[in-house]
Amino acid sequence: MLIKEIVIIHKSLIVRKGLSAVLETYGRPVTSVYAKYAERDIAVLNKSIILADVAFSGAMETLFRKSGVSRNIFGGIASGKNAARDKYKVIIDINDSWETLFSKLDILFPSASVYINRESLLTTRETEILKLVAKGFKSREIAARLFISRHTVITHRKNICGKLGIKTPSGLTLYALINKII
Amino acid sequence: MIRESTKLSDVILGNLNLLAVLSCFDIRPGTKEMTIGQVCGQKGIDAGFLLAILNTYTFDDYFPRIEDIDASKLIEYLKRTHRYYAEVTLPGIDSLIQKLIRNLPSEKTPRHIEKYFNVYRKEITKHMKFEEKFLFPVLKDLMAGKRKNRAELKEFFGKLDNDHTNVEEKLKDLKTILVRYIPAKADEHTVFELLYTLSVFDKDHFNHSSFEDKILIPKLKQLLKTSAGRNAD
């Protein structure tokens with residue numbers, strides 16, 4: 001299975017930012033970050049590797065049952081002892097050293113999924129925005145079309161450029177034409 | 001560091017990309033055992049200026065101080081590099097893209113790349129024309145002590161596009177897309193030559209822009225400040 005998304009769900013800003021930075025260094029940038037379980041998007045979680053606060057384990061159990069998501073792709077984030085540890089494939093402890101943390105990430109990201117297709121990293125929303133950028137729409141116009149804020153469009157655009165390694169609108173148009181996205 | 005006593009042939013052998021720079025000073029290979037100082041003496045070139053240029057292109061951590069560069073010589077040099085880009089580099093890239101198109105007649109990708117490059121070429125040509133028509137003459141006038149009235153300066157600043165980032169990023173995007181998406185059946189020598197030419201141009205243009213951004217524009221601002229001070233007297 002080719003994992004497309006990496007999601008962090010944790011109430012602590014420091015943990016979210018810190019773990020995102022660790023995963024960036026590890027070579028698997030995080031695609032979505034949520035502060036609460038309730039903010040998650042089921043469609044995204046269905047095709048994601050999820051690192052969630054063990055405090056959400058009850059909600060995660062419900063998700064396993066409802067969506068049939070394999071618990072093999074779940075990592076828990078904990079500090080100290082917690083009863084829910086056995087529900088996760090790995091438990092990342094906030095006190096883990098670099099070595100321990102990276103060896104745990106190796107379990108979570110088996111070699112087969114490390115060589116991901118960068119193109120497929122784009123989320124459905126990002127592809128939608130890429131199409132509009134490639135057609136020459138400005139962020140303001142895209143925001144109005146998709147009923148989202150201009151700030152959100154800019155964040156998506158930054159993520160698209162980061163994932164594709166292409167920075168200019170005309171470069172994105174060329175990418176979209178070659179890959180038959182438009 | 002490259003010095004006046006360095007043999008020109010050693011400089012060229014150390015960095016073949018400098019041939020394009022030297023060509024703008026009308027210096028060609030075949031200078032036997034001559035040092036840079038000797039070649040400059042023979043051709044009437046300011047050795048200090050040539051050394052500043054050669055060292056900038058050779059050492060990433062070297063950049064001359066603004067007071068060490070004669071702005072009028074720099075303008076002449078930049079004009080010559082513009083001509084080199086327009087007459088040699090850009091047509092060279094275009095002919096390699098045409099070669100790819102001929103090589104892959106049924107593929108759309110080289111055609112898309114051609115279109116992208118044509119837009120890029122127009123943009124960079126427009127930018128160079130602006131500099132030659134407005135930036136360089138205004139600077140020369142100010143250096144010669146000529147005053148500019150408010151309307152002239154307003155028109156100039158309205159047109160001043162000092163942002164080179166966009167053209168640089170576009171060139172980098174082209175390289176990225178070529179490496180990733182050129183069909184595998186494309187002639188590898190053409191692809192290699194195209195990527196190599198783009199990389200040399202990218203580096204060259206980066207240095208070219210640095211001279212404009214770090215020397216000419218601060219010089220312009222400095223002159224405008226002096227000129228405004230004189231106007232107030």
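Only this structure's heavy atoms are used, side chains among them; waters, hydrogens and symmetry mates stay out. Numbers restart at 1 for each chain; the letters A, B, ... are given by sequence-line order, proteins then strands. Fair warning: this is a prediction, and the values are worked out from it, not measured in the lab.
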**By ring pair (Phe, Tyr, Trp, His ring centres under 6.0 Å) - contacts of B:H82 (at least two apart)** = B:F136, B:H208
**Prompt:** For B:F206, does the CZ atom sit with more than 12 other heavy atoms under 6.0 Å from it, leaving out its own atoms?
**Reply:** no
**Within 6.0 angstrom of A:K158 NZ, more than 12 heavy atoms from elsewhere** = no
**Message:** As an exercise, state the distance from CD1 of A:I178 to CD1 of B:I182, rounded to the nearest 0.5 Å.
**Reply:** 7.5 Å
**Request:** Return yes if some donor-acceptor pair links the side-chain N/O of B:D173 with the main-chain N/O of A:T168 below 3.5 Å, else return no.
**Result:** yes
**Asked** Heavy-atom count around A:R140 CZ within 6.0 Å, excluding the residue itself: above 12?
**Response** no
**Message:** To check you understand the geometry: which heavy-atom pair defines the closest contact between B:Y116 and A:L174, and what is its length?
**Reply:** CG-CD2, 3.7 Å
**Message:** Is it the case that over 12 heavy atoms from other parts of the model lie below 6.0 angstrom from the CZ atom of B:R80?
**Reply:** yes
**Message:** Quick check for you: to the nearest 0.5 Å, what is the distance between B:K115 atom NZ and A:L177 atom CG?
**Reply:** 7.0 Å
**Item:** Contact leader toward chain A among B:L174, B:T109, B:V119, where contacts are heavy-atom pairs under 4.5 Å
**Value:** B:T109
**Prompt:** Taking atom CD of B:E188 as the centre, does the number of heavy atoms from other residues, nucleotides or ligands within less than 6.0 Å exceed 12?
**Reply:** no
**Message:** Using a 3.5 Å distance criterion without hydrogens, assess whether the side chain of B:R180 forms a donor-acceptor pair with backbone atoms of A:L164.
**Reply:** yes
**Prompt:** Using non-hydrogen atoms only, which part of B:K170 is less than 4.5 Å away from chain A: side chain, backbone, both, or neither?
**Reply:** both
**Request:** Working to the nearest 0.5 Å, report the span between NZ of A:K167 and CD of B:E168.
**Result:** 11.0 Å
